[in-house]
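When a ligand or atom number is given, it counts from 1 through the structure's own listing order.
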Amino acid sequence: MRYSVITFDLDGTMVDTADEIAEAANRTLAEFGVPRQDPAMITGFIGHGARHMMMRLMAHVLLEQPERADTLRPDAVLARLDAHYGATAGLTAKPYPGCRDALRTLREHGVRVACLTNKEHRYATKVLRSCGLADMLDYVVGGDLLPQKKPDPAGLHHVLGVLGGQTHRAAHVGDSRTDVETARAAGAEAWAVPWGYNSGEPIQLAHPDRVFNSLPEIAELVIEANRAWGYAPALS
Ligand SMILES: O=C(O)COP(=O)(O)O
């Protein structure tokens, strides 16, 4: 097997963004007089973009406090979330151990790497820049760049079209069932990491093709597979 393109999910896979997402959500709710909500619960709502997370959080609040329905209106809340997440995105986000090394090593060995996330594109690029990862990626697809989001395979196919890769030489790495389903739907290998969010469910239950214990382990496997196949990158 020779791998030519590896795509990585962002939240919970390359970067720990849970705290700043919860902070933006709670700052937003505070403006509407809603007490702070448990960050762990908010983390469970991550996976389909910041606006989707906020809609799920609002649904949770309104279920417990239906009398807030008059003030907690989606348009008003989402507009304030945009302001707050625009301010917190990238503030406390931290790449998981070995993230930069893994990306650098893959590229040094001729493998192209991309970020495929459901996070809105403007926030994704802000987080990647503030974590020093933006220049280490060959391409980024945020959740609102195309009409379809993960688990639709369109984003992965788009990356492969741009970078010139084939699905049977690609793997998508993620922390959630959505990522596994995306890879499968696209015809790429479904690789997973166990430290992410996945709504609190162990990623093994989504049956990925492989689960890795670190990001550098992914680079090692790819390089070893490509070496065994006899592929050496052109020297530049
Ligand atoms: O921002 C989100 O909710 C999800 O983003 P992800 O696709 O990078 O996990």
Side-chain angles (χ1 to χ4, degrees), residues 6-26 28 37 39-60 77-78 81-82 84-96 99 103 113-131 133-134 136-137 139-156 158-159 171-186 188 190-201 203 206 208 215:
I6 310 292
T7 59
F8 291 84
D9 168 66
L10 177 56
D11 296 289
T13 299
M14 285 200 286
V15 180
D16 185 359
T17 47
D19 287 352
E20 62 188 30
I21 291 175
E23 184 57 28
N26 272 324
T28 303
Q37 301 292 302
M41 179 188 68
I42 299 174
T43 301
F45 296 153
I46 296 175
H48 299 275
R51 292 166 75 89
H52 186 270
M53 171 280 300
M54 200 66 211
M55 292 299 286
R56 289 181 69 185
L57 181 57
M58 267 176 16
H60 169 84
V77 172
L78 290 178
L81 174 73
D82 281 342
H84 287 298
Y85 195 39
T88 67
L91 270 192
T92 60
K94 253 182 72 186
Y96 289 104
C99 185
L103 296 176
V113 292
C115 172
L116 176 59
T117 173
N118 274 349
K119 184 191 283 304
E120 291 80 354
H121 195 78
R122 62 192 179 284
Y123 302 139
T125 50
K126 194 160 181 255
V127 168
L128 289 167
R129 267 200 310 272
S130 67
C131 290
L133 295 173
M136 313 198 75
L137 292 157
Y139 198 58
V140 179
V141 178
D144 51 2
L145 200 69
L146 302 176
Q148 308 88 348
K149 285 186 186 194
K150 296 181 293 182
D152 192 292
L156 187 33
H158 176 70
V159 172
H172 174 66
V173 184
D175 66 329
S176 73
R177 182 175 289 276
T178 302
D179 291 302
V180 173
E181 288 173 1
T182 305
R184 292 264 151 78
W191 293 355
V193 296
W195 53 75
Y197 310 143
N198 197 33
S199 310
E201 189 181 75
I203 190 60
L215 292 168

Short side-chain to backbone donor-acceptor contact, Q148 and P153, under 3.5 Å: no
For E23, side-chain hydrogen bond (donor to acceptor under 3.5 Å, both in side chains) partners two or more places apart: R27, R36
Listed partners of T7 passing side-chain hydrogen bond (donor to acceptor under 3.5 Å, both in side chains), at least two apart: H172
Exam field: side chain K150 to backbone L116, donor-acceptor pair closer than 3.5 Å: yes
Where does ligand 1 get N/O contacts under 3.5 Å from the protein, atom by atom?
residue	atom	partner	partner atom	Å
ligand 1	1 (O)	D11	OD2	2.8
ligand 1	3 (O)	G47	N	2.8
ligand 1	3 (O)	H48	N	3.3
ligand 1	3 (O)	G49	N	2.8
ligand 1	5 (O)	D11	OD2	2.7
ligand 1	5 (O)	T117	OG1	3.3
ligand 1	7 (O)	D9	OD1	2.8
ligand 1	7 (O)	T117	OG1	3.4
ligand 1	7 (O)	N118	N	2.8
ligand 1	7 (O)	K150	NZ	2.8
ligand 1	8 (O)	D9	OD1	2.7
ligand 1	8 (O)	L10	N	3.1
ligand 1	8 (O)	D11	N	2.9
ligand 1	8 (O)	D11	OD2	3.3
ligand 1	8 (O)	T117	OG1	2.6
ligand 1	9 (O)	D9	OD1	2.8
ligand 1	9 (O)	D9	OD2	3.4
ligand 1	9 (O)	D11	O	3.4

Sequence neighbours excluded and cut-off under 3.5 Å, please list the side-chain donor-acceptor pairs for residues 45-58, or say none.
residue	atom	partner	partner atom	Å
R51	NH1	D82	OD1	3.3
R51	NH1	D82	OD2	2.7

Donor-acceptor pair between S176 and D179 side chains, under 3.5 angstrom: yes
